[in-house]
There are 2 protein chains.
Amino acid sequence: MSTSRTDPLTLEVVDLIGTVVARYHEEYEEAAARYRLTGAQARVLGLLAMEPTAMRRIARQLKCEPSNVTGIIDRLEARGLVERRPDPADRRVKIAAATEEGHRTARGLRDALHFAREPLAELSPQERRTLRDLLRRMLGDVRVVPGDVQADA
Amino acid sequence: MSTSRTDPLTLEVVDLIGTVVARYHEEYEEAAARYRLTGAQARVLGLLAMEPTAMRRIARQLKCEPSNVTGIIDRLEARGLVERRPDPADRRVKIAAATEEGHRTARGLRDALHFAREPLAELSPQERRTLRDLLRRMLGDVRVVPGDVQADA
DNA sequence: TATTGTTATACTCTATAACTATA
DNA sequence: TATAGTTATAGAGTATAACAATA
């Protein structure tokens, strides 16, 4: 399989994707830094701005150990961006939720992500559709949309 | 500028790119872990497998402070994957280079990166060309190819 | 017993500042 | 004096193991 590994065209596309990945991260870290957040903190805040989430579930979404989430939430909570709430249904679980200020920060963070807009603005709607379709096929198309549905675990 | 920010098509493309970025990183970390390397170590080893490089330059390419490179190279050197050589031209600089085993590891690492091949294999040559052109335009086309030419500093 | 979140510990990456040896 | 690499230090993310509270 994959006779294409050394094919120049494939290599160039791979290289371009690498560039996209690199630029995406630069911009993400930059935007986070503007709010004095680390990448991990910004990522978690973004999650919580979508939906209050139990610690365990945050760990799954971050693909890290639950013990790490404690510290990240601690730091966000110390800055008033997040709060821990008890789960009425199960007294073992704690649900982390963005505060009002947390939501404001998450909004600002999202707006600061130039990458999401500027480069794509170069492309016409038709071209964006083409890009979308190619990316979909590249990713196998089996994209579970938002909620993540704990397809992990 | 950017009236497209809330346009569903653009949002979907942005989301797809986010998925590409996430998958790319997962695979990278996974491949590195298979060789008991951290992401940073794998990245540096990859660099050095291309070309022996002075400490300062490694820092620029990693976009981190030079002091951090010392530790990363220390750990790679302790495992026999990298060695430090003096620069005949300037006795202040040290040049890090991959050892034979370092080159072998870098090769294995590269081969382990399925992402580079599998997903692209789904696309026909014509589609890959289209994807290449779209990505090029998206990235502004001003891509300085490999060598990095210390376009930073 | 099993699970949730936490604590304790250790390692790596990161930035900052001060140091050394060259230049 | 300026630069290359290092050391020292501190903060953050990470994994592992052990623990309390709850299920």
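In what follows, chains carry the letters A, B, and so on, assigned in the order in which the sequence lines appear, proteins first and then strands, with residues in each chain numbered from 1.
D:dG5 atom C1' lies 13 Å from atom CD of B:E77, rounded to whole Å. The CG-C1' distance, from A:N68 to C:dT12, rounds to 13 Å in whole Å. Taking atom CG on B:L62 and atom P on C:dA15, their separation rounds to 9 Å, with Å as the unit. In this structure, A:Q41 atom CD and D:dA12 atom C1' are separated by 8 Å, rounded to whole Å. For the pair B:I58 CD1 and D:dG5 P, the computed distance is 8 Å after rounding to whole Å. Atom-to-atom, CG of A:D74 to P of C:dG5 comes out at 13 Å; the value is rounded to the nearest Å. A straight line from CD of A:E29 to C1' of D:dA12 spans 12 Å, rounded to a whole angstrom. Look at CD1 on A:I73: it is 17 Å from C1' on C:dT7, rounded to the nearest Å.
When the side-chain nitrogen and oxygen atoms of A:R75 are compared with OP1 and OP2 of D:dG13, one or more of them lie within a distance under 4.0 Å. An OP1 or OP2 oxygen of D:dT6 is reached within less than 4.0 angstrom by a side-chain nitrogen or oxygen of B:R84. Using a 4.0 Å cut-off, some side-chain N or O of B:K94 falls inside it from OP1 or OP2 of D:dT6.
For the pair A:E122 (side chain) and B:G140 (backbone), a donor-acceptor distance under 3.5 Å is absent. Looking only at distances, a side-chain donor or acceptor of B:E127 sits under 3.5 Å from a matching main-chain atom of B:S124.
Each of D:dT14, D:dG5, C:dC13 was ranked by its minimum atom distance to the side chain of B:M55; first place goes to D:dG5. Closest contact between the side chain of A:S67 and the listed nucleotides D:dT7, C:dT7, C:dT14 involves C:dT7. Which of C:dT12, C:dT4, D:dA15 sits closest to the side chain of B:T38 comes down to C:dT12.
Using a 4.0 Å heavy-atom criterion, one finds that B:D87 contacts no nucleic acid atom at all.
Taking 4.0 Å as the cut-off between side-chain N and carboxylate O, A:R34 and A:E30 count as a salt-bridged pair. Ion pairing between a basic and an acidic side chain is recognised when a charged N comes within 4.0 Å of a carboxylate O; A:D7 and B:R128 show such pairing.
With hydrogens and angles ignored, no donor-acceptor pair closer than 3.5 Å exists between the side chain of B:T70 and the base of D:dT7. A donor-acceptor contact under 3.5 Å links the side chain of B:R92 to the base of D:dT3. Contact annotation: side chain of A:R91 to base of D:dT22, donor-acceptor pair absent below 3.5 Å.
Residue-environment remark: CD (B:E100) stays at or below the threshold of 12 foreign heavy atoms within 6.0 Å.
With DNA chain D read from its 5' end, the first of the two nearest nucleotides for A:R43 and B:G71 is the one closest to B:G71. Along DNA chain C, the nucleotide nearest to B:I72 and the one nearest to B:P66 differ in position, and the one closer to the 5' end is contacted by B:I72.
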